Amino acid sequence: MSTTADPLAVLGSLPGVSDSVDSVRKAVDRVYGHRVMRRRSNEITSEAALRGARGSAALSGADWALEEVRRRTDFGGEGEPRTVGAALRLTAEAGQLLSVWRQSPLRVLARLHLVAAGGGGADDAIGRPRLAGETVDEPLLRLPLPDADEMSGRLEGLAGLLLAGSQAPALVTAAVVHGELLALRPFGSYNGLVARAAERIVLVGSGLDPKSICPAEVGHAELGSQAYVAALEGYTSGTPDGVAAWIAHCGRAVELGVRESTAVCEALQRGAA
């Protein structure tokens, strides 16, 4: 990170990032201007939440059809049902944590992990960052895992940046939060789901997507796990090009989420949904 007063804003000035920011802003403005949004925005929000949860679960290995996610009521089983259930709970919870996020991002992250784990029971590792020697279950990511001390220091640093405030565009902040959480994997499980939920919180809380109708998780899933991991590797390299490519990847994911919600708007307008 830069030593300037606003490191996130510095990232916003990387080559190509401003183009991504502008493209996302225009796409979001278009869907918010759709005539259906004036009358049925709550329906769009609900559908975006469902589709976003499905997309996030897909990236964590539970790639279910949307109608299966919509139909199922029991997510208590192990494996894929548990992952889908965790994604649905996180999407529902994220919207309730905006005010807390502004005061204590670390508290929100702990809450998100607790929600993803379904309460945690007697497992004292649920809802807190991992300690030295504790393992991480995140099969999609094979990146080097920072040790507990490095993870803790960087997590505190990220929280400090967020609390200090920034002039950086929402897309940049959301991408950095998402990327750092994936790189650090602070919890023993569900780090991908938590990272994508945190990205959603930033996009909504920043005012870019106040009604939460632009599910970036949909776009991340559509772009595919290989592209997701490759972009993340660029971010973790720390090079300007790598970080810019990750931010652009996250921007494209938001735009694809916008496209998804625009299609929902069009279907509602035709009376087909």
Side-chain angles (χ1 to χ4, degrees), residues 1-32 52 94-95 97-109 112 151 153-184 186 191 194-217 219-220 223 228 231-258:
M1 291 286 183
S2 167
T3 57
T4 63
D6 193 348
L8 293 174
V10 171
L11 298 183
S13 67
L14 291 174
V17 170
S18 62
D19 291 340
S20 295
V21 168
D22 290 344
S23 183
V24 166
R25 177 76 267 176
K26 289 174 183 176
V28 172
D29 286 346
R30 282 196 299 272
V31 71
Y32 270 85
L97 297 173
L98 296 174
S99 61
V100 184
W101 178 264
R102 297 185 184 102
Q103 300 170 7
S104 178
L106 296 183
R107 199 171 136 208
V108 169
L109 293 174
L112 290 174
M151 175 275 293
R154 286 175 60 180
L155 197 61
E156 290 283 353
L158 176 64
L161 282 178
L162 295 171
L163 291 172
S166 174
Q167 296 301 310
L171 172 64
V172 172
T173 303
V176 168
V177 167
H178 187 170
E180 278 293 291
L181 292 176
L182 287 176
L184 297 177
N191 289 287
V194 168
R196 291 183 288 275
E199 180 186 49
R200 173 183 284 266
I201 289 172
V202 174
L203 293 171
V204 173
S206 66
L208 177 66
D209 180 23
K211 294 183 182 294
S212 194
I213 62 167
C214 306
E217 305 97 323
H220 286 303
L223 290 167
Y228 187 67
L232 178 63
E233 288 174 348
Y235 175 82
T236 59
S237 74
T239 65
D241 286 348
V243 173
W246 168 251
I247 295 170
H249 184 86
C250 291
R252 182 59 181 150
V254 175
E255 290 184 69
L256 290 171
V258 168

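Note that the coordinates shown come from a computational prediction; the quantities given were computed from them, not determined experimentally.
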Between side-chain atoms of residues 201-217 and protein atoms elsewhere (two or more places apart, or another chain), which donor-acceptor pairs fall under 3.5 Å?
{"unit_1": "Ser206", "atom_1": "OG", "unit_2": "Val202", "atom_2": "O", "d": "3.0"}
{"unit_1": "Ser206", "atom_1": "OG", "unit_2": "Leu203", "atom_2": "O", "d": "3.0"}
{"unit_1": "Ser206", "atom_1": "OG", "unit_2": "Leu208", "atom_2": "N", "d": "3.2"}
{"unit_1": "Asp209", "atom_1": "OD1", "unit_2": "Tyr32", "atom_2": "OH", "d": "2.6"}
{"unit_1": "Asp209", "atom_1": "OD1", "unit_2": "Ser212", "atom_2": "N", "d": "3.3"}
{"unit_1": "Asp209", "atom_1": "OD1", "unit_2": "Ile213", "atom_2": "N", "d": "2.9"}
{"unit_1": "Asp209", "atom_1": "OD2", "unit_2": "Ile213", "atom_2": "N", "d": "3.2"}
{"unit_1": "Asp209", "atom_1": "OD2", "unit_2": "Cys214", "atom_2": "N", "d": "3.0"}
{"unit_1": "Ser212", "atom_1": "OG", "unit_2": "Arg200", "atom_2": "NH1", "d": "2.5"}
{"unit_1": "Glu217", "atom_1": "OE1", "unit_2": "Arg200", "atom_2": "NH2", "d": "3.2"}
{"unit_1": "Glu217", "atom_1": "OE2", "unit_2": "Arg200", "atom_2": "NE", "d": "2.9"}
{"unit_1": "Glu217", "atom_1": "OE2", "unit_2": "Arg200", "atom_2": "NH2", "d": "3.3"}

*asked:* One pair to check against side chain to side chain contact (heavy atoms under 4.5 Å, CB included): Val258 and Arg30. What are the steps and the verdict?
replied: CA-CA 9 Å; Val258 168; Arg30 282 196 299 272; 5.9 Å; no
*Please name all residues satisfying side-chain contact (heavy atoms from CB on, under 4.5 Å) with Pro169, sequence neighbours left out, ordered by chain then number.*
Val21, Val172
*First locate atom CG of Leu163, then atom CZ of Arg102, and finally report the distance between them rounded to the nearest 0.5 Å.*
12.0 Å
*With sequence neighbours left out, what residues match Asp19 under salt bridge (charged side-chain N to carboxylate O under 4.0 Å, His left out)?*
none
*asked:* Nearest 0.5 Å, please: how far is CG in Leu8 from CG in Leu162?
replied: 7.0 Å
*asked:* Within this structure, what is the CG-CG distance for the pair Leu11 and Asp6, rounded to the nearest 0.5 Å?
replied: 9.0 Å
*Atom CG in Leu112, atom CZ in Arg107: separation rounded to 0.5 Å?*
12.0 Å
*Report the residues that fulfil side-chain hydrogen bond (donor to acceptor under 3.5 Å, both in side chains) with His178, sequence neighbours left out, ordered by chain and then residue number.*
Glu199, Tyr228
*Step by step, work out the side chain to side chain contact (heavy atoms under 4.5 Å, CB included) result for Leu109 and Leu155.*
CA-CA 10 Å; Leu109 293 174; Leu155 197 61; 4.1 Å; yes
*According to the salt bridge (charged side-chain N to carboxylate O under 4.0 Å, His left out) rule, which pairs have a member within residues 154-173, sequence neighbours left out?*
Glu150-Arg154, Arg154-Glu180
_Tell me which pairs pass ring pair (Phe, Tyr, Trp, His ring centres under 6.0 Å) where either residue lies in residues 8-28, with sequence neighbours left out._
none
*Quick one: pull up CG in Leu158 and CG in Leu106 and give me the separation to the nearest 0.5 Å.*
8.0 Å
*Rounded to the nearest 0.5 Å, what separation is found between the CZ atom of Arg252 and the OG atom of Ser20?*
10.5 Å
_Any residue meeting side-chain hydrogen bond (donor to acceptor under 3.5 Å, both in side chains) with Ser13, in chain and number order, not counting sequence neighbours_ = none
_According to side-chain hydrogen bond (donor to acceptor under 3.5 Å, both in side chains), who are the partners of Asp22, at least two apart in sequence or on a separate chain?_
none
_So which atom in Trp101 and which in Val177 form the shortest heavy-atom distance, rounded to 0.1 Å?_
CH2-CG1, 4.1 Å
*Quick one: side-chain contact (heavy atoms from CB on, under 4.5 Å) partners of Ala244, sequence neighbours excluded?*
Leu14, Val17
_The criterion is side-chain hydrogen bond (donor to acceptor under 3.5 Å, both in side chains); which residues satisfy it with Ser237, sequence neighbours excluded?_
Thr239
*Trp246 versus Leu182, closest heavy-atom pair with distance*: CH2-CD1, 4.1 Å
*Please collect all salt bridge (charged side-chain N to carboxylate O under 4.0 Å, His left out) contacts where either partner lies in residues 160-170, sequence neighbours excluded, each pair once.*
none
_For Ala253 versus Leu223, what's the shortest heavy-atom pair and its separation?_
N-CD1, 4.1 Å
